[in-house]
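Structure record follows, encoded as structure tokens.
Every chain is numbered from 1, with letters handed out A, B, ... down the list of sequences.
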Amino acid sequence: MADDKKITKRADDYSAWYQDIVLRAELADYSPVRGCMVFRPRGYAIWENIQRDMDRRFKETGHVNAYFPLMIPESFMKKEAQHVEGFAPECAVVTHGGGEKLEEPLVIRPTSETIIGSMYAKWVQSYRDLPILINQWANVVRWEMRTRLFLRTTEFLWQEGHTVHETHDEAWEEVVRMLGVYRSFAEEMLAVPVIAGRKSDSERFAGALTTLCIEGLMQDGKALQCGTSHDLGQNFTKAFDIKYLGRDGKQAFAWSTSWGVSTRLIGALIMAHSDDQGLVMPPNVAPEPVVIVPIWKNDDEKALVLGKAHELAQALKACGIKPHVDDRENLKPGFKYNEWELRGVPVRVELGPRDVASSQCVLARRVSGTGKETVPLAQAATRIGEVLKEIQAFLFERALAYRKEHTTSVSTYDQFKQVLDGKGGFVRANWDGTKETEARIKEETKATIRCIPDDDHAPTGNDVLSGAPGKHSVLYARAY
RNA sequence: CGGGGUGUAGCUCAGCUUGGCUAGAGCGCUUGCUUCGGGAGCAAGAGGUCGCAGGUUCGAAUCCUGUCACCCCGACCA
């Protein structure tokens with residue numbers, strides 16, 4: 001009843017708010033191991049929903065799943081120069097096993113390009129063996145100095161696609177295709193609008209020629225990278241000797257790609273939609289899209305109301321909607337309402353004796369509400385289906401409006417800094433294409449080039465900082 | 001690794017300055033009864049080697065030394 005029921009307001013302390021939401025909605029918890037987190041059932045359910053839909057999209061684009069080992073011989077990591085350099089500082093290394101020191105240490109995968117590359121070298125002989133289109137769902141470990149639940153932890157879950165192609169053109173097509181898959185997934189399922197584009201050289205994946213990405217914008221005005229797709233060129237195929245006999249009878253190195261999204265997406269979901277009342281979940285990935293709260297005073301009413309509640313649940317299941325009947329005895333309905341709101345349930349159905357008597361129920365929505373709505377039981381399932389769609393669309397539109405509001409084009413460095421320190425968000429500016437400018441802006445403002453958007457046009461103006469002719473029109477932001 | 005903070009019941013914390021009797025509160029938990037349409041009430045109960053290790057003392061949650069852990073803020077990253 002006192003303050004312990006409240007969660008921190010976003011305006012007061014955004015990080016504390018985020019932490020409150022994750023812990024209070026029981027999505028995750030801290031673990032005994034520093035930097036590692038526990039995915040609690042409600043948080044893991046979101047990941048399962050993400051996996052199910054994304055896996056379907058991967059299969060539809062011709063991919064198959066496989067699984068490669070957690071531990072990678074240390075020497076593999078060293079075969080691609082930039083790759084080692086990029087990942088060495090954050091690798092966990094196993095030095096002992098079976099009570100003995102290992103002859104060669106094993107790296108816990110921070111990503112699997114190397115071990116998968118070593119296998120592909122065996123599997124690829126001829127152009128007829130290409131393309132290879134494999135995805136794996138796995139955990140990876142990257143030693144992090146500072147961690148945040150879902151957004152950055154030492155161990156996290158993800159999927160990594162690794163493909164090999166005959167030509168660079170085909171590989172590039174794949175890179176673009178998968179970024180498109182990520183983009184539509186983020187927008188359709190997570191209701192998070194994202195900007196698709198290309199990373200600058202300094203933000204590129206260690207060992208890639210080009211990294212494409214989707215970037216989302218959170219409610220505190222900071223950007224969050226939501227997925228990446230890499231054109232690895234022949235860097236790894238040369239390092240691991242992935243060669244094929246071509247149509248022309250000559251040996252050639254293949255071209256490879258990799259792409260991934262992680263459980264960080266759950267952090268994006270939370271930060272994009274939730275409010276000061278708690279979690280807000282888009283229906284398409286919510287652990288519980290619909291909760292039915294039965295109301296009763298005595299055993300007779302309980303039997304009556306619960307019976308109807310389960311009937312309604314059946315009707316919803318028949319429509320492909322997953323309902324949860326909250327029949328806990330010891331809690332009053334009012335308490336349950338508040339709890340499910342904190343947990344982000346999109347639609348709550350209230351069903352009491354008076355409703356049963358008049359064959360109706362009451363719908364309450366977590367967002368976009370115009371008060372409660374009374375619906376005849378016979379039409380409830382259909383109506384709930386409609387409301388869920390409305391909420392899904394509403395969340396996307398609201399997030400999109402926020403992003404439009406928080407994307408500002410600037411032509412001077414003063415404006416640039418003013419926007420960053422003011423409303424935040426994406427700042428669109430011309431860039432001269434040099435590392436030096438990028439580094440100085442990062443140094444001075446903590447903003448990085450999030451991406452060179454797909455609609456990059458030859459800029460007419462000059463670089464905001466250096467004043468040199470602009471090469472690209474890019475999006476800057478402070479980022480997670 | 002630098003700066004700041006915190007370790008006492010499942011959670012949030014009080015007690016420590018000025019050592020002393022059986023270590024407390026609220027919430028949560030268990031049992032029972034009454035409640036139940038927006039965070040229920042009463043009653044009884046369970047639950048703590050006071051982060052850890054030394055030291056001072058007749059006596060330490062409290063004082064001293066050391067140590068560990070975690071959180072927050074800065075330098076790397078999906």
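Counting any heavy atom pair closer than 4.0 Å across all strands shown, A:Arg148 reaches no nucleic acid atom. Using a 4.0 Å heavy-atom distance criterion, A:Tyr480 is classed as making no nucleic acid contact. Base contact: A:Glu144 has a heavy atom under 4.0 Å from a base atom. Within 4.0 Å of A:Thr448, counting heavy atoms only, lies no atom of the nucleic acid at all.
With hydrogens and angles ignored, the 3.5 Å screen pairs a side-chain donor or acceptor of A:Ser274 with a backbone N or O of A:Val280. Looking only at distances, a side-chain donor or acceptor of A:Thr434 sits under 3.5 Å from a matching main-chain atom of A:Thr437. With A:His63 contributing its side chain and A:Thr61 its backbone, the two residues share a donor-acceptor pair below 3.5 Å.
Each ring-ring contact (aromatic ring centres under 6.0 Å, His included) pair with one or both residues in residues 192-227 of chain A, not counting sequence neighbours, appears once here: A:His83-A:Phe205, A:Phe87-A:Phe205, A:Phe205-A:His230. Legend: salt bridge (Lys or Arg N to Asp or Glu O under 4.0 Å) pairs involving residues 276-288 of chain A, not counting sequence neighbours, sorted by first then second residue: A:Arg10-A:Asp276, A:Arg42-A:Glu288.
Taking atom NZ of residue A:Lys446 and atom C1' of nucleotide B:rG74, one finds them 8 Å apart after rounding to whole Å. Straight-line distance from the CZ atom of A:Arg24 to the C1' atom of B:rG39: 11 Å, rounded to whole Å. Computed from coordinates, the A:Glu113 CD to B:rA78 P distance equals 12 Å when rounded to whole Å. Separating the CD atom of A:Glu339 from the P atom of B:rA40 is a distance of 11 Å, rounded to the nearest angstrom. Note: CG (A:Leu331) to P (B:rG28) measures 10 Å, nearest angstrom. Note: CG (A:Asp20) to P (B:rC72) measures 12 Å, nearest angstrom. Whole-Å rounding puts the A:Arg348 CZ to B:rG37 P distance at 12 Å. Between the CD atom of A:Gln360 and the P atom of B:rG37 there is a distance of 17 Å, rounded to whole Å.
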Expected rows: protein N/O vs nucleotides 1-6 of chain B N/O, under 3.5 Å:
none

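With C1' as the reference atom, B:rU62 and B:rC50 are 10 Å apart, rounded to whole Å. The same atom, C1', is picked in B:rU56 and in B:rG48; the two are 26 Å apart, to the nearest Å. Nucleotides B:rG7 and B:rG45, compared at atom P, are 31 Å apart to the nearest Å. The gap from the C1' atom of B:rC29 to that of B:rA46 amounts to 8 Å, rounded to the nearest Å. Of the C1' atoms belonging to B:rU30 and B:rG66, the separation is 42 Å, rounded to the nearest Å. Here the separation of B:rA78 from B:rG41, taken at their P atoms, is 50 Å to the nearest Å. Across the P atoms, B:rG28 and B:rC42 are found 11 Å apart, a figure rounded to whole Å. Atom P of B:rC36 sits at a distance of 37 Å from the matching atom of B:rG24, rounded to the whole Å.
Comparing B:rC76, B:rC36, B:rG38 against the side chain of A:Tyr337 picks out B:rG38 as the nearest. Relative to the side chain of A:Arg354, the nucleotides B:rA78, B:rG38, B:rG37 differ in distance, and B:rG37 lies closest. Each of B:rG37, B:rG39, B:rA78 was ranked by its minimum atom distance to the side chain of A:Val362; first place goes to B:rG37.
Shown for residues 274-303 of chain A: residues whose heavy atoms fall under 4.0 angstrom of RNA chain B, namely A:Ile295, A:Trp296, A:Lys297. A heavy-atom distance below 4.0 Å to RNA chain B is reached by these residues of residues 257-270 of chain A, ordered by number: A:Ser262, A:Arg264.
Scanning atom types as modelled, one donor and one acceptor separated by under 3.5 angstrom connect the side chain of A:Lys372 and the base of B:rG38. A donor N or O paired with an acceptor N or O is found under 3.5 Å between the base of B:rG38 and the side-chain atoms of A:Glu341.
Of the side-chain N and O atoms in A:Ser15, one or more sit less than 4.0 angstrom from OP1 or OP2 of B:rC73. In this model, the phosphate group of B:rC72 is approached by a side-chain N or O of A:Gln19 to a distance below 4.0 Å at OP1 or OP2. Dashed line: the shortest gap from a side-chain N or O of A:Lys332 to OP1 or OP2 of B:rG38 is not under 4.0 Å. A sub-4.0 Å separation between OP1 or OP2 of B:rA75 and a side-chain N or O of A:Arg146 is absent.
Between A:Cys226 and A:Gly334, the one whose closest nucleotide on RNA chain B sits nearer the 5' end is A:Gly334.
Environment of NZ in A:Lys199: crowded, with over 12 heavy atoms of neighbouring residues, nucleotides or ligands closer than 6.0 Å. The environment of CG in A:Asp421 is crowded: more than 12 heavy-atom neighbours from other residues, nucleotides or ligands sit within 6.0 Å. By the neighbour-count criterion of 12 heavy atoms within 6.0 Å, atom CD of A:Glu444 is densely surrounded, having more than that number from other residues, nucleotides or ligands. Open room surrounds CD on A:Glu443; 12 or fewer heavy atoms of other groups in view lie less than 6.0 Å from it.
Among residues two or more places apart in sequence or in another chain, the salt bridge (charged side-chain N to carboxylate O under 4.0 Å, His left out) test is passed with A:Arg148 by none. For A:Glu436, the salt bridge (charged side-chain N to carboxylate O under 4.0 Å, His left out) test picks out no residue, with sequence neighbours left out. Contacts of A:Asp300 classified as salt bridge (charged side-chain N to carboxylate O under 4.0 Å, His left out), with partners at least two apart in sequence or in another chain: none. For the salt bridge (charged side-chain N to carboxylate O under 4.0 Å, His left out) test, no residue two or more places apart in sequence or in another chain qualifies with A:Arg146. With sequence neighbours left out, A:Lys446 forms a side chain to side chain donor-acceptor pair (under 3.5 Å) with no residue at all.
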List the atom pairs, donor and acceptor, that lie under 3.5 Å between side-chain atoms in residues 26-33 of chain A and the rest of the protein, sequence neighbours left out.
from: A:Glu26; atom 1: OE1; to: A:Arg343; atom 2: NH2; distance (Å): 3.4
from: A:Tyr30; atom 1: OH; to: A:Gln19; atom 2: NE2; distance (Å): 2.4
from: A:Ser31; atom 1: OG; to: A:Val33; atom 2: N; distance (Å): 3.1
from: A:Ser31; atom 1: OG; to: A:Val33; atom 2: O; distance (Å): 2.9
from: A:Ser31; atom 1: OG; to: A:Cys36; atom 2: O; distance (Å): 2.8

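Both tests do not hold together for A:Arg57 against A:Phe185: distance to the six-membered ring centre under 6.0 Å, angle to the ring axis within 45°.
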If pairs are Watson-Crick or G-U with both distances under 3.5 Å, what is the dot-bracket string of RNA chain B, marking crossing pairs with [ ] and pairs to another strand with |? ((((((((.[[[[.)....(...]]]].((((((.....)))))).....[[[[[..)....]]]]])))))))....

Stepwise, does the side-chain contact (heavy atoms from CB on, under 4.5 Å) test hold for A:His273 with A:Val192? CA-CA 8 Å; A:His273 302 306; A:Val192 173; 3.9 Å; yes

